[in-house]
Amino acid sequence: MDILKRISEHRAHEESLRWEGTFADYLNIVNETPEVAGTAHSRVYNMIKSSGVGKSEEGTNEYKFFSKELYGLDRAIEQLVEDYFHSAAKRLDVRKRILLLMGPVSGGKSTIVTMLKEGLEQYSRTDEGAVYGIKGCPMHEEPLHLIPNELRGDFEEEYGVKIEGNLCPSCQLMLEKEYDGKVEEVKIERIFLSEDKRVGIGTFSPSDPKSQDIADLTGSIDFATIAEYGSESDPRAYRFDGELNKANRGLMEFQEMLKCDEKFLWNLLSLTQEGNFKAGRFALISADELIVAHTNESEYRSFISNKRMKHFNLE
Ligand SMILES: Nc1ncnc2c1ncn2[C@@H]1O[C@H](COP(=O)(O)OP(=O)(O)O)[C@@H](O)[C@H]1O
Ligand SMILES: [Mg+2]
Ligand SMILES: [Zn+2]
């Protein structure tokens, strides 16, 4: 094996996948393949299905995406895929729940999360799994957010695609300043999910509860530029670089969620229930992502015995 040759082939392949065009071009893509504008949940479901489905010895559906690495979990995985991912992909209410994997230590929880993350990275590099975002958006957001609210009804009828969420503050400003409001000219690019590059995949791990900053989730004011723009509510003086921002379009793993301070959970609740969260001095920020947490049974019991926590929908 000539590793250098393989590396250069790999790079050439990555290059060949790149795509950049205008919003007008993107609309043609959506017209031909509406799945590109699907939700994060539907992307995960399509990815799992694309590895194939067989029958296990007990007669359950065997999702090969998972069964190639995990044994003896067919029943639990069938439930996870069909009751959660499939229903969520159809925009049923379960998608408003945070996915909490509960099981014994070494039961495969972390493995499931890792498989989903790596799977999404690879899937976004396939034709069926292609994802597009607004070029220059710190959250690589869905380009269809560019369509004004008043026109969405007509669009949905014509294209058969539902639009959820609103343009982020950074893109609103960009649209006005760089494109003079001309939506059709806005540059769109294909995006490749990558945990390393913080595109569409994130991990949040609570540190010391006393020093933990909500900014780790929602982004923060950029003190270096605030003097230049004069206001905390100018999006140029804000860094949309929290885990929730970066994981938009894909998945965020929430480690030790049940040990986390309540204020973090409220942000998540708003995100999963309403599809948006509060960041800095802005109106709500839209985001579309799957949130996966994992825990063991004793931790879970102590969590649910705390009544204040009853609002958290955990699947
Ligand atoms: N059902 C399973 N089939 C095969 N390997 C498994 C299974 N469950 C766990 N493992 C292996 O055991 C190790 C620990 O699993 P992990 O996913 O870290 O568990 P958890 O996060 O639930 O504590 C990993 O190497 C994983 O691959
Ligand atoms: Mg684990
Ligand atoms: Zn944006």
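Note that the structure is predicted; figures quoted are calculated from it, not measured. Each ligand, and each atom within it, is numbered from 1 in the order the structure gives.
Residues His140 and Val199 form a side-chain contact, since some pair of their non-hydrogen atoms from C-beta on lies under 4.5 Å apart. In this structure, Val53 and Phe65 have side chains that are not in contact, with every pair of non-hydrogen atoms separated by 4.5 Å or more.
With values rounded to the nearest 0.5 angstrom, Cys171 atom SG is found 12.5 Å from Glu176 atom CD. In this structure, NE2 on His145 lies 6.5 Å from CZ on Arg152, to the nearest 0.5 angstrom. Going from atom CG of Asn245 over to atom OG1 of Thr218 covers 7.0 Å, rounded to the nearest 0.5 Å. A distance of 10.5 Å separates OH of Tyr159 from CD of Glu32, quoted to the nearest 0.5 Å.
A distance of 6.0 Å or more separates the ring centres of Phe254 and Phe264.
Within a 6.0 Å sphere centred on CG of Asp2, other residues, nucleotides and ligands contribute more than 12 heavy atoms.
Within the protein, the number of N, O or S atoms lying under 2.8 Å from the Mg ion (ligand 2) is 1.
Screening residues 104-119 for side-chain hydrogen bond (donor to acceptor under 3.5 Å, both in side chains) gives Lys117-Glu195, Lys117-Thr203, Lys117-Glu253 as the qualifying pairs, with residues at least two apart or on separate chains.
When heavy-atom distances to ligand 1 are checked against 4.0 Å, the residues falling inside are Glu69, Leu70, Tyr71, Leu73, Pro104, Val105, Ser106, Gly107, Gly108, Lys109, Ser110, Thr111, ordered by chain and number.
Shown here are the protein N/O/S atoms lying under 2.8 Å from the Zn ion (ligand 3), water excluded: Cys137 SG, Glu141 OE2, Cys168 SG, Cys171 SG.
Between Phe240 and Phe282, the angle of the ring planes lies from 30° to 60°, which puts this pair in the tilted group.
Residues Lys55 and Glu62 are not paired through a salt bridge, judged by the lack of any N-O separation under 4.0 Å between the basic side chain and the carboxylate. A salt bridge does not link Glu274 to Lys96: none of the charged side-chain nitrogens sits closer than 4.0 Å to a carboxylate oxygen.
Thr22 and Asp25 are linked by a side-chain donor-acceptor pair at a separation below 3.5 angstrom, with hydrogens and angles left out of the test.
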